Amino acid sequence: MFSLNKINNFVNSGNNRSKKAKKNILAMFLLRGISILCSLIVVPLTIDYVSPYEYGIWLTISSLVAWLSFFDIGIGNGLRNKFIESIEKKEYKQARMYVSTAYAIISLVVTCVWIIAIIASLFIDWPGILNADVSLSRELLYTVLIVVTNFSILFVLGLNRTLLNAIQKPALASMFDTSTQVLLCLVLLVLTSCTKGNLVYLALAMGGTSMLTLVISNVWTYTKLLKEYRPSLKFVNFKSAKGIMSLGIMFFFLQILAIAFYQTNNLIISHYLGPDEVTTYNIAFKYLQVLPMVFTIIITPFWSAFAEANVNNDYDWMKNVRKRLIQALSILGLCGCIMVVISPFVYDIWIGDKVQVPFIVTSLVFIFQMLNMWGSMWTQLLSGLGKIRLQVICSSVCCLSYIPICCYFCDKYGLNGLLTVSIVLPLICTSWFGVIQTHRLLNKTAKGIWNK
């Protein structure tokens, strides 16, 4: 009872903004805990259903299709900040106009991109690109067509998650994500017992579960929680798109850069080292992905909270949050060190002898994840403040050099070479500016590029 009282006192201390953040964080810890468990279960289930080789192919296809996400041209993130601003200023009609216009633009763009992607897929030599067996040609093509179609639909439906985060209810978005993971585990168990391993069935299973939960999420969001902001054709106003796009175009560039940095590893590894090495890399990545998943739970509410605090000039609150986030990241770093040490025992229990993951690969992936979390912390805070131009510049320098250098080092030094580049380049290009810029913005000393 004492501990429950302490939790209750913790959650209900501070201003309303802090209370919302704490409640969401606690709820998300429970939901993401279930989601993390399910995502870990999915890995051996999937490898058992297909094979380490085909699992590597599946991961690479998923990474390639993720490139389509940059075609929202930053509208989702631009909408998030403008929606918060409109609500804070009590401009509710304007908020609904932003929502309706964002849905209209993304639907039009995604439809065009889907048509182009489907046609292009028919003429691409997928076995050649993926370094896969030619006998899988037809299966690979069908898998790509399913994944592209599914991704395009989810792209539009997923916009409601942006609004849930904007009104500081990320726990609700996490609830639907967790439901997807649980449902996927059940579907994979059925597939394993009733069908023979097939990439097409795997694509249908993963896409179908995501689509089902997102459809339910959208219906619930716009009939219950955000009924007054439900997208409508009569509220579509393409002139208002300028308000979303002015900030959104910067987020657009960041999305391209992030995908170029995070989603090309699988393709590079598959091309130079083969699909089996993609599986090795992703086992270590999935294991240590627990750390950024936990940190995401903590950091997610603060983009919207910082945007709200910025409108209200509450700089003291933002400084206190920055301090707490650094402390949380330090604790996760210590936990990560323990995870690396015990990783051989965990892999033995989790994967068995299906895949062998070298200790050096786990260690390098851990360092990469820590740098990723460090960067994402400042990215979230600066995005809430609407100051991302410097981030675009630094990230551009990093990404323009990343792919060619990674290709060279992967070809010459293998997986360890690629992972070393993925650590060193961000360390040089992007790990430092967020600390300085956030400090200057919160102390009102930011000038020139530091204030853009």
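These figures come from a predicted structure and were not determined experimentally.
Evaluation of the ring-ring contact (aromatic ring centres under 6.0 Å, His included) rule for Tyr347 yields Tyr287 as partners, not counting sequence neighbours. Scored by the side-chain contact (heavy atoms from CB on, under 4.5 Å) test, Arg324 finds Asn320, Gln327 as partners (sequence neighbours excluded). When the ring-ring contact (aromatic ring centres under 6.0 Å, His included) test is applied to Trp374, the partners found at least two apart in sequence or on another chain are Trp378. Remark: Tyr315 pairs with no residue by the ring-ring contact (aromatic ring centres under 6.0 Å, His included) rule, at least two apart or across chains. The salt bridge (charged side-chain N to carboxylate O under 4.0 Å, His left out) search around Asp133 returns none, not counting sequence neighbours.
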Practice item. Go through the steps to decide whether Leu291 and Phe366 satisfy the test side-chain contact (heavy atoms from CB on, under 4.5 Å), and finish with yes or no. Key: CA-CA 9 Å; Leu291 296 172; Phe366 164 65; 3.9 Å; yes

Check your understanding: Stepwise, does the side-chain contact (heavy atoms from CB on, under 4.5 Å) test hold for Ser343 with Val357?
Key -> CA-CA 9 Å; Ser343 61; Val357 183; over 6 Å; no

**Study point:** Thr209 vs Gln181, side-chain contact (heavy atoms from CB on, under 4.5 Å): CA-CA, chis, key distance, verdict
**Key:** CA-CA 8 Å; Thr209 52; Gln181 291 288 342; over 6 Å; no

**Study point:** side-chain contact (heavy atoms from CB on, under 4.5 Å) between Thr438 and Arg322, intermediate numbers included
**Key:** CA-CA 9 Å; Thr438 304; Arg322 176 185 56 178; 4.1 Å; yes

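Of all heavy-atom pairs between Asp276 and Pro52, the closest is OD1-C, 4.0 Å. Summarising the geometry of Gln437 relative to Leu382, their closest heavy-atom pair is OE1-CD1, 3.6 Å, with the distance given to 0.1 Å. In terms of heavy-atom proximity, Leu419 sits nearest to Tyr281 at CD2-CE1, 3.6 Å. Of all the heavy atoms in Val134 and Pro127, the pair that sits closest is CA-CB, 4.2 Å. Of all the heavy atoms in Ser152 and Val110, the pair that sits closest is O-CG1, 3.4 Å. Residue Trp350 comes nearest to Ile283 through the heavy atom pair CZ3-O, 3.6 Å, listed as atom of the first residue, atom of the second, then distance.
With no hydrogens or angles considered, a side-chain donor-acceptor pair links Asn160 and Ser217 at under 3.5 Å. Side chains of Thr213 and Thr180: a donor-acceptor N/O pair is present below 3.5 angstrom, by distance only. Looking at Trp126 and Ser137, their side chains never bring a donor and an acceptor atom within 3.5 Å of each other.
Looking only at side-chain heavy atoms (C-beta outward), Leu441 and Leu381 stay at 4.5 Å or farther from each other. Looking at Ser107 and Val109, their side chains never come closer than 4.5 Å, going by heavy atoms from C-beta outward. Within the 4.5 Å cutoff, no side-chain heavy atoms of Val435 are placed close to those of His439. No side-chain heavy atom of Val361 sits under 4.5 Å from any side-chain heavy atom of Leu364. At least one side-chain heavy atom of Met206 sits less than 4.5 Å from a side-chain heavy atom of Thr46. Here the side chains of Val321 and Trp317 are in contact, with some heavy-atom distance below 4.5 Å. Looking at heavy atoms from C-beta onward, Thr280 lies in side-chain contact with Pro358 at the 4.5 angstrom threshold. Considering only heavy atoms from C-beta on, Cys406 stays 4.5 Å or farther from Ile403 through its side chain.
With rounding to the nearest 0.5 angstrom, the CD atom of Glu54 is 4.5 Å from the CG atom of Leu199. Rounding to the nearest 0.5 Å places OG of Ser422 at 12.0 Å from CD1 of Ile405. Residue Ile41 holds its CD1 atom at 5.0 Å from SG of Cys185, rounded to the nearest 0.5 Å. Going from atom CG of Asn150 over to atom OG of Ser210 covers 6.0 Å, rounded to the nearest 0.5 Å. Ile116 contributes atom CD1, which lies 11.5 Å from atom OG of Ser121 (distance to the nearest 0.5 angstrom). Taking CG from Leu288 and CG from Asn372, the interatomic distance works out to 11.5 Å, rounded to the nearest 0.5 Å.
Listed for the Ser376 side chain is a donor-acceptor partner under 3.5 Å among the backbone atoms of Met373. Asp411 places no side-chain N or O within 3.5 Å of a backbone atom of Cys407 that could act as its donor or acceptor partner. Listed for the Asn218 side chain is a donor-acceptor partner under 3.5 Å among the backbone atoms of Leu214.
Sorted by first and then second residue, the pairs that involve residues 182-203 and meet side-chain hydrogen bond (donor to acceptor under 3.5 Å, both in side chains), not counting sequence neighbours, are Tyr49-Thr195.
Other residues, nucleotides and ligands contribute only 12 or fewer heavy atoms inside 6.0 Å of the OH atom of Tyr142.
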